[in-house]
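Written below as structure tokens is the structure these notes are about.
Counting from 1, the numbers follow the sequence of the chain as shown. Counting starts at 1 for both ligands and their atoms, in listed order. In what follows, every heavy atom counts, from backbone to side chain, and hydrogens, waters and symmetry copies are set aside.
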Amino acid sequence: MRKILITGGAGFIGSHVVRRFVNNYPNVQIFNLDALTYAGNLENIKDIEQAPHYTFIKGDITDAPFIDALFQQHQFDGVIHLAAESHVDRSITDPLAFVKTNVIGTMNLLNASRAIWKDSTEGKRFYHISTDEVYGTLGATGLFTEASSYEPNSPYSASKAASDHFVRAYGETYGLPYVITNCSNNYGPNHFPEKLIPLFINNIIHNKPLPVYGDGNYTRDWLFVIDHAIAIDLVFHQGKNHETYNIGGFNEWKNIDLVHLLCQKMDVKLNRPVGTSAQLITYVKDRPGHDLRYAIDATKINKDLGWKPSVTFEQGLEKTIEWFLSNEEWLSSVTSGEYQRYYEKQYLS
Ligand code: NAD
Ligand code: DAU
């Protein structure tokens, strides 16, 4: 049986990737390695945990001897690497944590892969999941292509850019078979409520202020998380070695317009009078180094691999809101404890 290691599979995007691989590939042994940080939650993948070809491993990618031993033991054929510190605001208060996990952690996985594939790289693949934020910011026009230069502006995006560079360097220097994708903002079920959409859904439910950074005129390109998981499956199996693919939603929204749309939808869902949720909108201090606009040109993955988003934003947002409203237990469990301390520091101090 072929063996695939997915890292970060208890997190937001990783959980959808793990589910897809476990359900679609019964003849492949799927290993999910996750340190279960504040962002990792085994509830996200409860439905597949009993599958006979699935194994969860609790472990930290920054622990090199542990990673080396794990790779020697299992001799993985493929690695799909999602484990990361992923929130820009946290990277501003604790940049070093991002270097440790996103750069050193990735290095450890690269070194371990190189060691077990030293005799043959036939059928092997290291897939690094990255972000469009490595390209920095766009002005009012233009799109990020695979040829855009790297100009990261936050400690988070700098750490992801560094890890992208190391993956590429291992390909060039040691012949490691790799592929990288740089994706735009995901949204959907299991999204941790520190990020814009789930944070605002949670705050609307609890009648709490909706903290819009700066003037709200920042633009993001939103993609439904399951469409990202579909793209990852496609790139892992059909992408070309030593290539990068951009993944995006063809779906740009100014934050403030998105927040108004969310407020309208939540009013309907919660049977509140029109305009109730919008009254919670509060403009707050801007994020330092806030990137003005991200937008992806996803022509390459569309032309080469035939991928395009399968749901509209309207459909995806509807599914997302429904999921959060029907999973209030999940929401309250992830917003207790450490989350409260984070929330106070980020928004109330
Ligand atoms: P997330 O924060 O929801 O999940 C990250 C997961 O990694 C968690 O389960 C966490 O426990 C695990 N993890 C963190 N540090 C670890 C460590 N040292 N060892 C092992 N596991 C560790 O993140 P996400 O939003 O699902 O993002 C997943 C990946 O996709 C990241 O690499 C991120 O940079 C990238 N990405 C995210 C988005 C987005 O919009 N969320 C867009 C493009 C790319
Ligand atoms: O573009 C891909 C990236 O998208 C991923 O690599 C990151 O892991 C992911 O977190 C996301 O980064 P952003 O910084 O774009 O996402 P976030 O949800 O934090 O913020 C989206 C926009 O909303 C951004 O312009 C900042 C703004 N915002 C965010 C929060 C949390 C607010 O106005 N208020 C908030 O409270």
Side-chain angles (χ1 to χ4, degrees), residues 6-18 32-42 44-45 57-63 66-67 80-92 97-98 100-102 104-106 108-109 128-135 137 144 154 156-157 159-160 163-164 181-188 190-200 203 209-223 225 228 232 247-249 253-256 258-259 281-287 290-296 334 343 346-347:
I6 300 175
T7 70
F12 167 46
I13 302 171
S15 61
H16 290 279
V17 174
V18 164
N32 173 9
L33 169 66
D34 197 297
L36 299 181
T37 68
Y38 78 91
N41 187 345
L42 289 177
N44 291 346
I45 34 174
I57 302 159
K58 185 172 186 305
D60 192 329
I61 59 168
T62 67
D63 181 347
F66 162 75
I67 292 295
I80 305 178
H81 174 36
L82 296 105
E85 290 293 340
S86 69
H87 190 37
V88 173
D89 292 329
R90 291 186 192 249
S91 82
I92 295 167
F98 284 68
K100 284 184 187 145
T101 294
N102 300 359
I104 310 281
T106 303
N108 290 338
L109 296 170
H128 182 55
I129 309 296
S130 191
T131 169
D132 60 356
E133 298 198 11
V134 299
Y135 300 125
T137 188
F144 294 133
S154 73
Y156 163 68
S157 53
S159 69
K160 292 297 289 188
S163 58
D164 286 11
T181 50
N182 297 85
C183 187
S184 64
N185 287 61
N186 286 214
Y187 70 96
N190 310 95
H191 204 181
F192 194 79
E194 63 187 350
K195 312 281 168 59
L196 182 76
I197 291 180
L199 175 78
F200 280 30
N203 283 13
L210 306 178
V212 173
Y213 294 160
D215 61 7
N217 286 319
Y218 294 88
T219 299
R220 296 293 182 264
D221 169 1
W222 294 94
L223 176 69
V225 64
H228 190 187
I232 289 172
I247 306 172
W253 283 82
K254 273 197 173 146
N255 290 344
I256 193 62
L258 172 54
V259 169
I281 294 173
T282 311
Y283 289 92
V284 300
K285 191 161 59 87
D286 211 349
R287 171 186 279 176
H290 200 164
D291 286 330
L292 178 68
R293 177 170 164 258
Y294 305 145
I296 283 277
V334 303
Y343 196 90
Q346 179 67 22
Y347 296 103

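The backbone of S184, and not its side chain, has at least one atom closer than 4.0 Å to an atom of ligand 2 (non-hydrogen atoms only; backbone = N, CA, C, O). At a heavy-atom distance under 4.0 Å, no atom of N186 approaches ligand 2. Residue H81 does not touch ligand 1, judged by heavy-atom distances below 4.0 Å. Of all the heavy atoms of L36, the ones lying under 4.0 Å from any atom of ligand 1 belong exclusively to the backbone.
On a distance-only criterion, F200 and ligand 2 share no N/O pair closer than 3.5 Å. Residue E133 places at least one N or O, backbone or side chain, under 3.5 Å from an N or O of ligand 2. The shortest N/O to N/O separation between T37 and ligand 1 falls below 3.5 Å. Where the criterion is an N or O separation shorter than 3.5 Å, residue side chain and backbone included, H191 fails it with respect to ligand 1. Polar contact check, L196 against ligand 2: a nitrogen or oxygen pair lies under 3.5 Å apart. Residue-to-ligand polar distances place I13 within reach of ligand 1: an N/O pair is separated by less than 3.5 Å. An N or O contact shorter than 3.5 Å is missing between A83 and ligand 1 by distance. Considering both main-chain and side-chain atoms, D60 comes within under 3.5 Å of ligand 1 through a nitrogen or oxygen pair. For a threshold of 3.5 Å applied to N or O pairs, the pair formed by R220 and ligand 2 contains at least one separation below that value. Polar contact check, K160 against ligand 1: a nitrogen or oxygen pair lies under 3.5 Å apart. Residue E194 has no nitrogen or oxygen atom sitting less than 3.5 Å from a nitrogen or oxygen atom of ligand 2, judged on distance alone.
Distance from atom 36 (O) of ligand 2 to its nearest protein heavy atom, with residue and atom name: Y347 OH, 2.6 Å. Distance from atom 34 (N) of ligand 2 to its nearest protein heavy atom, with residue and atom name: P211 O, 2.7 Å. Here the heavy atom of the protein found nearest to atom 11 (C) of ligand 2 is N185 ND2, 3.4 Å. Remark: minimum distance from atom 19 (O) of ligand 2 to any protein heavy atom is reached at R287 NH2, 2.9 Å. In terms of protein heavy-atom proximity, atom 25 (O) of ligand 2 is nearest to H290 NE2, 2.7 Å. Distance from atom 29 (C) of ligand 2 to its nearest protein heavy atom, with residue and atom name: Y213 CE1, 3.6 Å. Of all protein heavy atoms, the one closest to atom 5 (C) of ligand 2 is Y156 OH, 3.6 Å. Protein heavy atom nearest atom 8 (O) of ligand 2, with residue, atom name and distance: S86 O, 2.7 Å.
Under a 4.0 Å criterion applied to the non-hydrogen atoms of K195, ligand 2 contributes the atoms 10 (O), 18 (O). Close approach to T131 involves these atoms of ligand 2, each under 4.0 Å from a residue heavy atom: 1 (O), 2 (C), 3 (C), 5 (C), 6 (O). Close approach of ligand 2 to V212 (heavy-atom distance below 4.0 Å) involves ligand atoms 33 (O). Residue H87 approaches ligand 2 through these ligand atoms, each under 4.0 Å from one of its heavy atoms: 19 (O). The distance from ligand 2 to the heavy atoms of Y294 drops below 4.0 Å at these ligand atoms: 1 (O), 15 (O). Short contacts between ligand 2 and V88, defined as distances under 4.0 Å to a heavy atom of the residue, involve ligand atoms 14 (O). Residue contact check: D132 has heavy atoms under 4.0 Å from atoms 1 (O), 2 (C) of ligand 2. Close approach to G59 involves these atoms of ligand 1, each under 4.0 Å from a residue heavy atom: 19 (N), 20 (C). Shown in contact with N185 at under 4.0 Å from a heavy atom are these atoms of ligand 1, numbered in order with element: 40 (O). In summary, the atoms of ligand 1 found under 4.0 Å from a heavy atom of I129, numbered by their order in the structure, are 30 (O), 32 (O). Atoms of ligand 2 lying under 4.0 Å from any heavy atom of L199, numbered from 1 in the order shown and given with element: 36 (O).
Distances from ligand 1 to the non-hydrogen atoms of G105 include no value under 4.0 Å. Residue A84 places no heavy atom under 4.0 Å from ligand 2. Between Q346 and ligand 2 there is no heavy-atom distance shorter than 4.0 Å. For the ligand labelled ligand 1, residue S184 lies inside the 4.0 Å heavy-atom shell. Heavy-atom distances between T101 and ligand 1 reach below 4.0 Å in at least one pair. Ligand 1 has at least one atom lying under 4.0 Å from a heavy atom of Y156.
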- [ ] Take H16 and N190, measure what side chain to side chain donor-acceptor pair (under 3.5 Å) needs, and give me the verdict at the end.
- [x] CA-CA 9 Å; H16 290 279; N190 310 95; 3.3 Å; yes

- [ ] For Y213 and N255, run side chain to side chain contact (heavy atoms under 4.5 Å, CB included): C-alpha distance rounded to whole Å, both residues' side-chain angles, the deciding distance at 0.1 Å, then the answer.
- [x] CA-CA 9 Å; Y213 294 160; N255 290 344; over 6 Å; no

Open item on the list: Would I296 and I247 count as a side chain to side chain contact (heavy atoms under 4.5 Å, CB included) here? Give the steps.
Closed with: CA-CA 7 Å; I296 283 277; I247 306 172; 5.9 Å; no

Open item on the list: Walk me through whether H228 and I129 qualify under side chain to side chain contact (heavy atoms under 4.5 Å, CB included).
Closed with: CA-CA 10 Å; H228 190 187; I129 309 296; 4.1 Å; yes

Open item on the list: Run N203 and Y347 through side chain to side chain donor-acceptor pair (under 3.5 Å) and show every step you take.
Closed with: CA-CA 12 Å; N203 283 13; Y347 296 103; over 6 Å; no

Extract all donor-acceptor atom pairs below 3.5 Å that involve side chains of residues 8-15 and protein atoms in other chains or at least two apart in sequence.
unit_1 : atom_1 : unit_2 : atom_2 : d
S15    : OG     : G11    : O      : 2.8
S15    : OG     : F12    : O      : 2.8

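Remark: side-chain polar atoms of N108 are paired, donor with acceptor, to backbone N or O of I61 under 3.5 angstrom. At distances below 3.5 Å, not a single donor-acceptor pair connects side-chain atoms of D132 with backbone N or O atoms of N182. Remark: side-chain polar atoms of N102 are paired, donor with acceptor, to backbone N or O of E85 under 3.5 angstrom. A donor-acceptor distance shorter than 3.5 angstrom exists from the side chain of T7 to the backbone of A83, with no hydrogens or angles considered. Distance alone, capped at 3.5 Å, places no donor-acceptor pair between the T106 side chain and the S163 backbone.
Shown here are the salt bridge (Lys or Arg N to Asp or Glu O under 4.0 Å) partners of D291, two or more places apart in sequence or in another chain: there are none.
Aromatic ring pairs are classed by plane angle as parallel below 30°, tilted from 30° to 60° and perpendicular above 60°; the pair Y218 and H290 is parallel.
Of the candidates D34, I104, D63, D34 brings a heavy atom nearest to atom 12 (C) of ligand 1. The option from S15, C183, S130 that lies nearest to atom 44 (C) of ligand 1, judged by heavy atoms, is S130. Nearest-residue assignment for atom 27 (C) of ligand 2 (options I13, N255, I256; heavy-atom criterion): N255.
The two residues K58 and A35 make their nearest non-hydrogen contact at NZ-O, 3.6 Å.
Note that R90 lies in the cation-pi zone of Y38, set by a 6.0 Å cut-off to the ring centre and a 45° limit from the axis.
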